Number of protein chains: 2
Amino acid sequence: MRIGELARRTGVSARSVRYYEEQGLLSADRSSGGQRQYTEYEVERVVFIQRMYAAGLSSRTIAQVMPCVESPGVENSDAALATLREERDKLDVHIGELLRTRDALDRLIEISEGYREQLVTGVPYDEAG
Amino acid sequence: MRIGELARRTGVSARSVRYYEEQGLLSADRSSGGQRQYTEYEVERVVFIQRMYAAGLSSRTIAQVMPCVESPGVENSDAALATLREERDKLDVHIGELLRTRDALDRLIEISEGYREQLVTGVPYDEAG
DNA sequence: CTTGACCTTGACGTCAATGTCAGGTTCTAG
DNA sequence: CTAGAACCTGACATTGACGTCAAGGTCAAG
């Protein structure tokens with residue numbers, strides 16, 4: 001498939017796909033005319049890249065862990081595996097923070113709803129919540 | 001306290017504190033000489049702002065939910081509460097994605113470690129994992 | 001009343017991922 | 001063989017949350 005279809009199927013722009021290539025995250029065969037040719041494999045790969053971006057990794061960092069993704073279960077550089085572990089740990093910490101933030105937002109919402117409840121029932125919301 | 005102390009205590013730069021003010025997220029009394037004066041309340045507030053940024057909210061969005069934070073349990077605009085709920089829901093979705101991403105990273109790590117295990121034991125890692 | 005740390009505003013710089021545009025080439029349907 | 005959609009490279013633009021610097025004003029200690 002060509003870049004347009006890859007873009008449509010992954011939900012990213014063609015510009016982004018080219019950028020990923022520029023960053024060494026993706027490679028592409030070329031047609032005789034010079035146009036990029038992709039396979040199903042690249043669809044998965046672009047999706048993976050997007051997941052990494054969403055998890056807060058930079059292009060550089062994604063590139064560093066790519067060996068572990070390209071050939072899982074094969075010997076890759078210690079550096080790749082080390083970076084992978086680091087990023088997993090960072091992500092773990094980040095998730096923990098987000099969970100606490102979500103709880104904080106929940107409490108704020110409850111309090112605001114509590115006030116509205118009070119409007120209806122004439123009774124203050126339960127402060128022991 | 002002045003801006004330097006607030007910055008130190010919250011771990012952000014003075015530049016950022018001024019930026020928050022510029023974005024309408026924070027206000028400050030001024031000394032007779034025009035320097036910003038803060039209280040303990042602003043320490044909490046800056047920490048809250050940082051949590052929101054870490055959760056992916058923009059300055060504009062944080063500003064929109066601020067009424068619910070400034071006076072919790074008091075009637076705030078429906079818009080503020082609605083935005084707050086939206087952001088909580090987005091965060092929920094995001095956390096879900098991050099959890100799946102973490103699992104994916106865990107699997108990648110396991111596979112790489114499995115290979116090393118195999119190096120030591122001479123037996124392939126458990127493919128049923 | 002001076003010194004040095006701290007503060008002020010204003011402005012320009014940065015970085016990363018991506019948008020956008022121009023001018024030209026390739027592909028595919030008819 | 002041609003039209004038009006899709007693609008190419010290259011380059012400049014954008015956005016948001018800051019960093020950083022300049023030129024000056026404020027504050028607390030001695």
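Chain naming here is simple, since letters A, B, ... match the order of the sequence lines and numbering starts at 1 in each. The shown structure was predicted, so the numbers you read here are calculated from the model rather than taken from an experiment. Only this structure's heavy atoms are used, side chains among them; waters, hydrogens and symmetry mates stay out.
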*If the plane angle is over 60° it's perpendicular, under 30° parallel, otherwise tilted; pick one for A:Tyr53 and A:Tyr20.*
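Tilted: the ring planes of A:Tyr53 and A:Tyr20 meet at 30° to 60°.
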*Select from B:Gly33 and B:Gln50 the residue whose nearest nucleotide in DNA chain D is closer to the 5' end of that strand.*
B:Gln50
_Reading DNA chain D from 5' onward, which residue's closest nucleotide shows up sooner: A:Gly34 or B:Ser59?_
A:Gly34
*asked:* Which is more 5' along DNA chain C, the nucleotide nearest A:Ser31 or the one nearest A:Ala14? Just name the residue.
replied: A:Ala14
Side chain of [X], heavy atoms from C-beta onward: which of [options] has the nearest atom to it?
| X | options | result |
| --- | --- | --- |
| A:Ser32 | D:dA17, C:dC27, C:dC7 | C:dC27 |
| A:Ser13 | C:dT18, C:dG19, D:dC27 | C:dG19 |
| B:Gln35 | D:dC7, D:dC27, C:dA17 | D:dC27 |
| B:Arg15 | C:dA11, C:dC7, D:dC27 | C:dA11 |

Whole-Å distance between [N] [atom2] and [X] [atom1]?
| X | N | atom1 | atom2 | answer |
| --- | --- | --- | --- | --- |
| B:Ile3 | C:dA5 | CD1 | P | 19 Å |
| B:Glu22 | C:dT9 | CD | P | 10 Å |
| B:Met1 | C:dC7 | CE | P | 12 Å |
| B:Leu57 | D:dT15 | CG | P | 20 Å |
| B:Arg60 | D:dT15 | CZ | P | 12 Å |
| B:Glu5 | C:dA5 | CD | P | 18 Å |
| A:Arg8 | D:dC7 | CZ | P | 7 Å |
| B:Glu21 | C:dT9 | CD | P | 7 Å |

*Using a 4.5 Å cut-off on heavy atoms from C-beta on, say whether the side chain of A:Tyr38 contacts that of A:Val46.*
no
*Would you indicate whether the side-chain heavy atoms of A:Glu21 and A:Arg36 approach each other to under 4.5 Å?*
yes
Taking only side-chain N and O atoms of [X], does any of them lie within less than 4.0 angstrom of OP1 or OP2 on [N]?
| X | N | result |
| --- | --- | --- |
| B:Tyr19 | D:dC18 | no |
| B:Arg2 | D:dC27 | no |
| B:Arg18 | C:dT8 | yes |
| B:Tyr20 | D:dC18 | yes |

_Quick one about B:Thr39 and B:Glu42 (side-chain donor to acceptor, distance below 3.5 Å, no hydrogens or angles considered), yes or no?_
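Yes, a side-chain donor-acceptor pair sits under 3.5 Å.
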*Tell me what A:Arg30 touches on the nucleic acid: a base, only sugar-phosphate, or nothing, going by heavy atoms under 4.0 Å.*
sugar-phosphate
*asked:* I'd like to know whether A:Ser13 forms a side-chain contact (heavy atoms from CB on, under 4.5 Å) with A:Tyr19, so could you lay out the CA-CA distance, the side-chain angles of the two residues, the decisive distance to 0.1 Å, and finally the verdict.
replied: CA-CA 10 Å; A:Ser13 68; A:Tyr19 177 74; over 6 Å; no
